[in-house]
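First the structure, in the form of structure tokens, and then the observations on it.
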Amino acid sequence: MLFVSFDFLLFIVPVLLISWGLSHVPVLRVLFLIAASYFFYMAGPETDPLQPPWYFVGLLLLSTVLDYVCSRQIWQQRAAFDSKDPRTKAAAARTRNFWLGVSLVGNLGLLGYFKYTNFFLGVFSDVAHALGMSVVVPHLELLLPIGISFYTFQTLSYTIDVWRGRLTPEPNFRKFALFVVFFPQLVAGPIVRAHEFLPQLHRPPRLSAEAMTRGMYRVMIGVAKKAILGDWIASQFTDAVFNAPENYTSLEILLSLYAFTLQLYADFSGYTDIAIGVALMLGFVLPENFERPYQARNLGEFWRRWHMTLSTWLRDYVFFPLGGSKGSPGRVYFNLWLTMFLVGMWHGASWNFVLYSNIHALAMVFNRWNRLRRRGAATAKTRAMWVTGMLLLFGAVYGLSTAVLQLGQPESLGLAGFAVAMFLIVARLPETGTAWNTALHVLLTFHFTVLSRVFFRADDLDTSRKMIAGLLRFDAHGIREGLITPAVWAVLLFGLGYHLLTPKGLVDRETYAVFRRLPGPVIGLSLALMGLVVYLLLSSGPRANIYFQF
Amino acid sequence: MAADEHEGLLDGEERKVKVDLTRDEEAGGSYPPGTFRKVIGAMVGLGLAIGLTYAVPAPQVAAEAAKESAVASALTTCMESAPGLAGLSCLHLVRPWTLETDPDTGEFKYVPFWNLIGRELLGMGQAAEVADAEAKEAVAVAREEAEKAEVEEFKEVEVRATPVQEDEKVPPLAPHEDDAQPVEVPLERPEALDRFYAALTRTHLGLPGAITRAMHYGDSAIGNDGITGAIRSKLQARFGDAGHGFHLLGQPNASYRHQGVRFDEKSPWQHCFIIFDCKKDGYYGVGGTTFESAGGAEIRLSTAQKGPMGRKVARYEVWYAGLPKGGKLRLRLDDQEPVELDTAAEQLEDRWHVIETDDGEHTLSVRAAGGGKVRAYGVAMERTVPGVVYDEMSQIGALTRRMLNFDAEHLQRQISRRDPDLLVLMFGGNDMNTQGTMEKYKAEYSAVIQLFRKADPLLPCLVMAPLDHGERDGSGKIVTRPIVTKLVQAQREVAQTEGCAFFDTYEAMGGSGSMGRWVRSSPALGAGDLSHLTHHGHKVVGAMLYRSLMQGYVDYRKRVAGTPVKALAEN
């Protein structure tokens with residue numbers, strides 16, 4: 001079910017009323033919310049292409065039962081695992097690892113099958129062709145179960161936490177089931193950890209007028225972001241450019257990248273706002289997922305502010321277990337690269353995402369190296385190393401440009417030169433904390449994310465190539481008349497200015513202070529007006545959240 | 001410990017939290033009085049606002065407006081018809097849930113919680129799954145079409161060493177794999193193209209100098225040399241590459257980009273594009289854009305470095321104007337000594353200059369060398385071997401009638417010089433957004449065809465219908481704009497009146513709602529604006545037209561098989 005839809009309005013009003021009515025009867029409240037969540041998952045709209053039928057909910061149920069059972073089996077070995085008898089301990093460790101393995105294989109197996117099978121088949125075919133072999137691989141018509149990337153990570157983290165001894169297993173199946181399927185965050189996050197959610201089911205629900213008002217506020221902000229800055233900009237501009245980049249000028253392609261950067265953030269953070277707001281009204285607190293990511297001063301900070309529940313998940317369950325920042329520099333850089341590569345690949349299975357993931361992972365490696373390196377007087381040796389490094393970077397980018405992006409020689413040389421120039425600028429520009437310095441770093445980081453979005457949004461590598469070739473054409477045709485209406489310009493500029501310039505506190509405190517003074521009926525009428533605007537602007541109806549597809 | 005505001009994602013140390021879920025404080029929640037006052041008030045306010053849309057009656061104006069497919073335009077129409085408070089009745093149009101049914105299927109247009117209620121309880125699932133399967137089939141077909149449309153290599157046509165004998169007959173056409181492929185829509189009146197097919201036969205037989213030349217004019221549908229490039233590569237792969245054809249001296253717009261040629265604008269010329277009616281003398285050159293410079297402007301046109309086509313040129317023909325106080329035009333082929341043309345004349349006149357060279361890779365520089373204003377139009381790049389030349393003459397943003405901005409005598413001379421064997425016209429995309437009757441449109445289109453054929457009234461012509469143009473209806477479905485079928489029919493009638501062949505692009509795409517299907521296919525064939533095609537879509541339409549043309553060619557060859565080649569040559 002989509003949040004910004006009439007279906008959801010028909011759904012949420014009775015759910016809220018009944019849930020509040022059951023707040024004195026915790027067992028029924030939990031059971032009711034489980035039922036509502038399953039209904040939410042199964043009763044989606046008619047989409048094109050069709051979404052999976054309702055019985056795909058079986059996978060969700062399977063994942064729930066699997067991790068509930070595995071975690072209990074792991075926990076049952078606790079006493080034996082703590083035993084001083086090495087044989088008992090070893091046997092317990094084997095059993096624990098076995099059940100952890102069952103959970104990992106079960107969850108990641110399903111995720112891998114539905115999400116990555118066709119990609120790996122394609123990779124096999126591409127590699128075979130590159131080696132001169134003629135191989136025909138099948139293309140499976142797989143339906144990606146909605147939200148599988150989210151609920152898989154959520155249940156996995158629970159089992160791993162129990163295995164690591166950081167969490168006692170949830171004794172009550174219904175509470176665990178609600179943790180897995182809680183509808184506000186089920187299909188597109190935030191990815192909630194067990195230690196954040198389950199304790200809330202062991203306490204009385206926290207319902208208050210403040211929570212209601214703040215919840216409504218987050219919902220309204222979310223709808224505005226999702227429908228206007230997200231869907232509308234896409235329908236008015238970005239989709240057209242990304243569908244046929246060869247029809248657009250260099251400047252139009254560049255603008256579409258800015259627009260998509262705004263659209264993606266508005267779409268996802270808007271969805272998160274609605275999820276958090278609805279959860280608040282139901283008496284739950286969900287973790288934040290964004291913290292003004294486009295105001296980050298470097299890429300490390302960007303990823304701490306962007307889709308925080310995914311990036312911290314991979315930090316906690318991949319980066320730290322691999323050794324984190326401890327160990328040799330080479331090992332740390334590998335840990336860092338792998339974690340960020342997985343962050344990127346979580347988003348999609350295609351060559352585009354291989355490139356996107358590596359660009360961000362390598363930039364993160366550079367970011368760490370640049371912050372930690374010794375900055376002393378240059379010696380002949382360091383100069384030689386710099387020159388060698390720059391030549392290698394130039395060669396790598398040039399090679400990538402010609403071989404993968406299939407750009408012409410002048411464009412490839414230009415791109416390689418640009419990469420070297422940016423490397424040197426960022427490397428030679430330490431963060432001093434002054435206003436201008438900060439602004440410069442924010443702009444550089446922002447533009448890095450804007451340009452790398454080519455691979456994130458383009459449907460395939462061929463489209464990415466066309467986008468990049470179009471950008472590097474530097475044609476002088478500007479923006480054609482009528483392509484971007486004044487209204488779209490206004491929304492684009494407002495959106496970018498809002499996210500780049502406004503301090504979070506202004507929105508959180510000042511705007512909210514105004515909102516909370518509004519009487520309830522006025523808020524209702526405002527919501528109705530907003531619904532009307534969305535209805536008129538998006539004659540195609542609101543789209544699914546971009547992150548649904550992940 | 002709170003993270004540093006600027007700390008990176010992977011900078012901090014691991015923080016270990018232990019949570020014990022065995023303790024339970026579970027108890028009924030208590031909430032202070034007034035907890036739900038505001039939120040219930042908001043629900044009431046929202047409910048009243050929605051209820052109002054059902055409470056207002058649906059007056060006649062609203063019912064009329066509701067016939068429009070887009071909600072926003074229906075509301076605007078209604079509000080204009082019912083000013084003031086009466087406009088409240090237009091709220092009828094924004095009811096979030098109505099029991100309207102689809103006239104085609106009889107099913108409800110909107111069913112809440114569709115995946116459960118509509119799909120399962122109301123039994124709409126089967127039809128939806130069939131439609132979904134058809135869409136997937138369309139995707140597979142699209143992928144196959146796009147791959148089929150790729151031309152990877154071609155063979156040079158062998159030039160005959162012996163002259164045509166008096167009694168030599170046209171041989172039967174050898175089977176070709178392309179001719180076995182199904183044709184989406186056959187040409188209407190293919191016999192109108194007999195002269196073109198005769199030229200194509202001469203080319204096919206490898207007669208010395210037998211070049212078949214086609215000129216394809218159109219609006220943005222043929223921009224980026226997409227459809228035209230696809231047809232060119234198909235025809236050249238089969239009949240030989242006789243050169244890239246005509247190219248303007250600059251890019252009048254971003255969508256003027258040709259395939260199979262390298263264009264480098266060292267210093268731009270000032271241009272005047274026919275759709276802006278910016279030259280009162282009507283001298284726009286054969287390509288519809290005139291270029292001027294008092295000195296310094298320079299472009300270079302080179303053979304392609306990638307792809308199978310456009311790798312050689314043997315003849316550059318520069319199209320320019322002689323004009324009072326005209327300056328110098330400097331042409332330099334590769335590294336040779338430049339040739340300087342004096343463009344001064346007593347009055348405005350059409351001129352050409354030909355540079356012949358060996359058949360190979362070359363670059364021609366065209367520069368305004370000062371001494372006065374120079375006016376030029378473009379360069380035709382050809383070879384001397386038998387083959388096909390297919391000119392892309394896109395007029396981006398043009399209404400059909402804008403072609404009437406040409407000076408008739410000038411255009412007559414320009415087309416005579418180009419000496420085409422086929423004229424293709426594909427307009428209509430922009431005409432869909434104008435007001436006016438179809439009768440008026442037909443008269444304009446006829447006038448345009450007559451203008452282009454003034455030099456040669458029997459010049460074979462082919463009218464290519466516009467692409468399907470979609471819009472979203474109130475339920476979000478992409479449907480064909482109502483004007484599309486009217487325009488297609490009008491063009492069909494014009495083609496018949498003027499004795500031209502007709503290709504129904506709209507029907508070939510799949511008819512009603514096809515743009516929606518093309519947009520959704522993978523790879524996408526239709527662009528997001530629901531009016532244009534993607535790179536893949538261009539190839540598919542190009543391949544469709546090619547197959548239809550070839551069907552006509554096969555029939556023609558059957559008809560002329562056994563007749564004297566010389567008679568064919570004199571056709």
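Values below: every heavy atom of this structure, side chains too, minus hydrogens, waters and symmetry copies. Every chain is numbered from 1, with letters handed out A, B, ... down the list of sequences.
With a 4.5 Å cut-off on non-hydrogen atoms, A/Phe6 touches chain B through its backbone and its side chain both. Of the atoms belonging to B/Val44, not a single heavy atom falls under 4.5 Å from chain A. Only the side chain of A/Leu9 comes within less than 4.5 Å of a heavy atom in chain B; its backbone stays farther off. Only the backbone of A/Gln406 comes within less than 4.5 Å of a heavy atom in chain B; its side chain stays farther off. For B/Ile40, the part lying under 4.5 angstrom from a heavy atom of chain A is the side chain only. For a residue to count as touching a neighbouring chain, one of its non-hydrogen atoms must lie under 4.5 Å from one of that chain's; by this rule A/Met308 does not touch chain B. Looking at A/Leu22, there are no atoms closer than 4.5 Å to chain B (heavy atoms on both sides), in backbone or side chain. Neither the backbone nor the side chain of A/Leu529 comes within contact range of chain B; no heavy atom of the residue lies under 4.5 Å from a heavy atom of that chain. Of the atoms belonging to A/Met216, it is side-chain heavy atoms, and not backbone ones, that fall under 4.5 Å from chain B. Heavy atoms closer than 4.5 Å to chain A are found nowhere in B/Arg37, neither backbone nor side chain. Both the backbone and the side chain of A/Pro53 come within less than 4.5 Å of a heavy atom of chain B. Looking at A/Ser250, there are no atoms closer than 4.5 Å to chain B (heavy atoms on both sides), in backbone or side chain. Contacts between A/Phe302 and chain B at a heavy-atom distance below 4.5 Å are absent for every atom of the residue. Using a 4.5 Å cut-off between heavy atoms, A/Asp7 touches chain B through backbone and side chain atoms alike. Interface residue B/Asp20: backbone and side-chain heavy atoms are both found under 4.5 Å from chain A. At a 4.5 Å heavy-atom cutoff, the contact between A/Ser311 and chain B is made by backbone and side-chain atoms alike.
For the set A/Leu518, A/Val241, A/Thr238, the count of heavy-atom pairs under 4.5 angstrom toward chain B peaks at A/Leu518. Ranking A/Leu10, A/Leu527, A/Asp459, A/Leu17 against chain B, the residue ahead of the rest is A/Leu10, based on heavy-atom pairs under 4.5 Å. Among B/Gln305, B/Glu120, B/Glu129, the residue making the largest number of heavy-atom pairs under 4.5 Å with chain A is B/Glu120. The candidate from A/Leu167, A/Leu336, A/Thr249 with the greatest count of non-hydrogen atom pairs under 4.5 Å with chain B is A/Leu167. Taking chain A as the reference chain and counting heavy-atom pairs below 4.5 Å, the highest number among B/His538, B/Gln251, B/His532 is found for B/Gln251. Chain B forms more heavy-atom pairs under 4.5 Å with one residue of A/Met340, A/Lys466, A/Arg368 than with any other, namely A/Lys466. Most heavy-atom pairs under 4.5 Å with chain A: of the set B/Gly537, B/Gly45, B/Ala42, B/Pro112, this distinction falls to B/Ala42.
For the atom pair NZ of B/Lys16 and CZ of A/Arg166, the computed distance is 5.0 Å after rounding to the nearest 0.5 Å. Note that the NZ atom of B/Lys18 and the CZ atom of A/Arg164 stand 11.5 Å from one another [nearest 0.5 Å]. The distance from atom CG of A/Leu532 to atom CG of B/Leu91, rounded to the nearest 0.5 Å, is 7.5 Å. Taken from CD1 in A/Ile12 to CE in B/Met43, the straight-line distance is 7.5 Å, to the nearest 0.5 Å. Summarising the geometry, atom CG belonging to B/Asn115 is positioned 7.5 Å from atom CD1 belonging to A/Ile146; distances are rounded to the nearest 0.5 Å. Interatomic distance, B/Leu116 CG to A/Tyr41 OH, rounded to the nearest 0.5 Å: 12.5 Å.
Minimum heavy-atom separation, A/Asp462 to B/His535: OD2-CD2, 4.4 Å. The minimum heavy-atom distance between A/Ala209 and B/Gly34, with the atom names listed, is CB-O, 3.8 Å. Here the closest non-hydrogen pair linking B/Trp114 and A/Pro45 is CB-C, 4.0 Å.
Using a 4.5 Å heavy-atom threshold, the side chains of B/Leu21 and A/Pro199 count as touching. Counting heavy atoms from C-beta outward, A/Leu16 and B/Phe36 have side chains that stay 4.5 Å or more apart. Residues A/Met42 and B/Phe113 have side chains not in contact (no heavy-atom distance under 4.5 Å, counting atoms from C-beta outward). Between B/Thr35 and A/Trp20 there is no side-chain heavy-atom pair separated by less than 4.5 Å.
In this structure, A/Trp54 places its CH2 atom where only 12 or fewer heavy-atom neighbours from other residues, nucleotides or ligands lie under 6.0 Å away. Open room surrounds CD on B/Gln270; 12 or fewer heavy atoms of other groups in view lie less than 6.0 Å from it. More than 12 heavy-atom neighbours from other residues, nucleotides or ligands sit within 6.0 angstrom of CZ on B/Arg262.
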Is there a side-chain contact (heavy atoms from CB on, under 4.5 Å) between B/Val19 and A/Asp161 once you walk through the steps? CA-CA 9 Å; B/Val19 176; A/Asp161 279 353; over 6 Å; no
